[in-house]
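First comes the structure, then the notes that go with it.
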Amino acid sequence: MKTYGLRYLLGLIITLTLLGHALHRYDVRFIDSLDGMIYDAQMRLSMPRTIDRRIAIVDIDEKSLAEVGRWPWDRARMAALVNALFEREGVAVLGFDIVFAEPDASSGLGVLKRLGSDELRGNTDFQQALAALAPALDYDQRFANALRGRPIVLGYYFANQARSTGAIPPPAMPSTAFGVYPMTLFDWSSHGGNLPALQAAAGRGGFFNPVIDFDGMVRRVPLITEYHGAYYEALSLAVVRALFGDAAITLVFGDPADPDSRLTGIALHTPRGTMSIPVDSNGAALVSYRGYQHSYPYYSASDVLAGHTTPGALRGKIVLIGTTAPGLVDQRSTPVGEVFPGVEVHANLVGGMLDGTIRSQPVFAGTAQALVLLVLGLLMIFAWPWRKPTHATLLTVLLGGGVVAAYLALWRYQSWALPVASLLLEIGTLFVLNMSYGFFVESRARRKFAELFGHYVPPELVEEMSRHPESYSMAGRRAELTVLFCDVIEFTAIAETLEPEQLALLMNDYLGTMTAVIRQHRGTLDKYIGDAIMGFWGAPVEDSEHARHAVEAALGMRAALIDLNQTLAARGWPMLQVGIGINTGPMTVGDMGSAVRKAYTVMGDAVNLAARLEGLTRRYKVDIIVGEATRERVPDIVFRELDRVRVKGRLRPVAVFEPRISSDLWATKEAAQRDELAQWQAALQHYRAQDWDAVEAALAALMERYPQCDLYAVYRERIAALRGALLPTDWDGVNTFDTK
């Protein structure tokens with residue numbers, strides 16, 4: 001556990017940092033930027049990119065400035081534009097994304113009035129002419145007359161400046177109407193409005209302040225804001241209300257019964273029913289951009305004034321008057337364009353309200369995000385299978401894909417715009433952290449671990465051990481294991497027939513072949529003792545089948561030696577014979593030696609017995625001998641009992657066996673082979689009963705049928721010696737060997 005403590009700590013720090021951001025304890029600008037980029041990309045991917053012909057934009061563009069004159073135009077021309085839109089074009093609602101804050105002095109009426117009050121005060125003709133001309137030259141009044149009594153919404157703005165200018169319309173509702181709920185609407189200290197006469201004539205008005213996000217983007221626009229103790233509506237909302245006969249509005253809260261509930265929407269009560277418009281706690285709505293610029297029809301203001309528009313093109317439409325002329329600077333940076341006309345932002349809001357496509361962020365989004373962050377973080381920190389990089393990578397990809405799929409589904413089917421950057425950042429960061437930690441820290445520990453055990457244990461076992469290195473130690477311990485000794489018979493004579501280089505090559509081939517078989521069967525290589533090989537099973541990795549694996553390894557070594565001998569014969573070198581001894585029992589295993597040299601090895605009486613059994617292979621003319629403890633632990637392998645022996649250094653006799661084949665394959669062998677084993681077992685019983693005649697008869701029959709088996713000749717010679725010997729009355733058939 002200590003090995004992973006630092007990784008766990010770093011993972012928790014990352015998770016808690018993201019939790020704090022999700023719960024708005026502090027702001028991490030990078031995460032906000034990433035959320036903004038994801039939102040913008042999703043907006044561009046999902047917008048319909050169609051033209052909404054219900055809404056039109058009358059554009060004071062460069063063409064209009066070139067044909068009509070520089071801005072601002074005189075109010076008489078603006079009056080003519082309004083009259084043309086309603087009387088000739090038949091528009092339904094008109095909204096101005098323009099403020100008329102200053103009086104229009106372009107007609108010269110002010111100069112004439114000053115003359116009439118000074119130099120020409122007594123000139124009756126002048127005074128009469130001035131009285132007749134004044135109504136026509138009062139352009140502001142002419143514009144006010146054009147506004148009066150029509151569904152027109154004038155635009156204005158709020159600010160935080162020293163003083164206010166102009167007039168604004170009456171508030172949509174007093175703030176005391178919802179005083180019980182906590183309101184966090186945008187608040188202002190000043191405004192910039194229209195001339196009082198113009199505002200009074202129009203009656204309606206709407207502010208056009210957008211919300212400029214930290215990166216300069218316009219993604220939201222307040223639909224309602226607070227100013228001097230009252231609530232005011234946005235230009236887009238006022239236009240939609242005017243379309244439905246100044247429909248009443250109310251504010252919607254998450255839980256009306258909860259006085260701490262936050263603002264979630266605006267209800268617009270129209271003749272067609274209640275229209276729900278989602279907003280956040282600041283009263284701002286996400287702009288549902290329909291597409292890139294010109295998603296709504298544009299008409300040049302000069303064409304409308306000159307009557308050059310197609311008849312009926314604007315009839316019954318919602319019209320917004322704004323400007324795209326670069327010199328007039330009403331451009332915004334939006335998800336669908338770095339330079340985007342502000343008037344079209346309002347058009348998108350109007351269209352979104354009419355279509356019901358304005359997206360929202362639920363009030364519980366922060367809490368839900370924090371909960372998911374916590375669950376995913378703990379899962380990836382403590383439960384992820386980081387020790388298997390392929391599994392970890394696959395699961396991380398699936399998890400990230402699941403988060404993205406859920407985000408897209410909620411966007412499409414619930415119209416929720418949820419923050420997802422923290423989740424993706426958590427998944428990616430924890431993945432990189434853990435994989436990097438595994439590469440730089442754990443891999444170093446694994447390399448050291450591999451260096452420690454790699455010379456003894458197969459690579460796949462080292463990999464298995466490195467997953468839980470704290471469970472393994474080279475310190476000495478007592479355990480039941482199985483040990484194997486393998487030695488080349490008559491190696492000295494073979495060595496004398498070869499050149500040193502040839503002998504080295506032969507030994508490398510032999511030791512490499514035998515070692516590969518041991519490792520293939522999960523064995524631990526102990527050491528090479530000249531031409532001898534020592535290996536054991538059950539440590540350092542515990543193996544409940546250690547006896548079976550050792551016996552299977554011995555059988556595999558027997559088969560591998562046949563192939564190796566074919567190679568040696570092809571080179572003209574002598575072929576090899578080996579003796580293999582296997583025994584199971586309690587032994588001490590660990591790193592043993594001196595300060596100069598150590599080795600991970602096994603010691604004990606069971607080890608010594610295995611070495612003695614390997615030596616007995618020469619006496620019994622077989623290549624593998626297994627102790628009875630090993631035989632008892634492998635019941636599904638067919639063994640041939642060889643004898644009961646008492647080896648040097650042990651008083652207690654032990655039965656020894658030769659492994660033949662697994663029992664499931666033994667059933668398919670020819671009846672003759674099964675009969676051979678049965679006849680031999682019967683002969684062994686006659687031998688232990690000292691029925692020499694019966695034994696010799698059985699051996700003679702076996703040797704005639706199986707002349708290649710030298711074991712029968714060994715027993716025949718032994719019986720010849722025993723016939724003339726004086727055996728004790730308690731003779732038990734145990735054969736004692738005083739040497740190896």
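Fair warning: this is a prediction, and the values are worked out from it, not measured in the lab.
- Using modelled atom types, no side-chain atom of S302 and backbone atom of V68 make a donor-acceptor pair closer than 3.5 Å.
- Annotation: side chain of L399 is in contact with side chain of M380 (closest heavy-atom distance under 4.5 Å).
- Under the ring-ring contact (aromatic ring centres under 6.0 Å, His included) criterion, Y157 pairs with no residue, sequence neighbours left out.
- If you take CH2 on W73 and CG on L305, they are separated by 6.0 Å, rounding to the nearest 0.5 Å.
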Would you be so kind as to tabulate the donor-acceptor pairs closer than 3.5 Å made by side chains of residues 215-228, with sequence neighbours excluded?
{"from": "D215", "atom 1": "OD1", "to": "M217", "atom 2": "N", "distance (Å)": "3.3"}
{"from": "D215", "atom 1": "OD1", "to": "R219", "atom 2": "NH1", "distance (Å)": "3.1"}
{"from": "D215", "atom 1": "OD2", "to": "R219", "atom 2": "NH1", "distance (Å)": "3.3"}
{"from": "D215", "atom 1": "OD2", "to": "R219", "atom 2": "NH2", "distance (Å)": "2.7"}
{"from": "R219", "atom 1": "NE", "to": "D40", "atom 2": "OD1", "distance (Å)": "2.8"}
{"from": "R219", "atom 1": "NH1", "to": "D213", "atom 2": "OD2", "distance (Å)": "2.9"}
{"from": "R219", "atom 1": "NH2", "to": "D40", "atom 2": "OD2", "distance (Å)": "2.9"}
{"from": "R220", "atom 1": "NH1", "to": "D280", "atom 2": "OD2", "distance (Å)": "2.5"}
{"from": "T225", "atom 1": "OG1", "to": "F186", "atom 2": "O", "distance (Å)": "2.4"}
{"from": "T225", "atom 1": "OG1", "to": "W188", "atom 2": "NE1", "distance (Å)": "2.9"}
{"from": "Y227", "atom 1": "OH", "to": "S164", "atom 2": "OG", "distance (Å)": "3.2"}
{"from": "Y227", "atom 1": "OH", "to": "H191", "atom 2": "ND1", "distance (Å)": "2.9"}

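- Counting only N and O atoms by type, the side chains of R49 and S295 include no donor and acceptor under 3.5 Å apart.
- Shown here is E67, whose CD atom has more than 12 heavy atoms of other residues, nucleotides or ligands within 6.0 Å.
- Taking the salt bridge (Lys or Arg N to Asp or Glu O under 4.0 Å) definition, one finds that E102 meets it with nothing, sequence neighbours left out.
- Put simply, the side chain of Y407 does not reach to within 4.5 Å of the side chain of L424, judged on heavy atoms.
- Heavy atoms from other residues, nucleotides or ligands lying under 6.0 Å from OH of Y413 number 12 at most.
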* **Criterion side-chain contact (heavy atoms from CB on, under 4.5 Å) on R241 and V153, from CA distance to verdict** => CA-CA 10 Å; R241 285 186 63 211; V153 181; over 6 Å; no
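- The aromatic rings of Y8 and F382 are tilted relative to each other, their planes meeting at an angle between 30° and 60°.
- D61 and S300 share a side-chain donor-acceptor pair at under 3.5 Å.
- By the side chain to side chain contact (heavy atoms under 4.5 Å, CB included) test, R29 is found to be paired with D27, D32, S33, F214, residues two or more places apart in sequence or in another chain being considered.
- Under the rule for a ring-ring contact (aromatic ring centres under 6.0 Å, His included), the partners of Y298 that lie at least two apart in sequence or sit in another chain are H294.
- Among residues two or more places apart in sequence or in another chain, the salt bridge (Lys or Arg N to Asp or Glu O under 4.0 Å) test is passed with D246 by R204.
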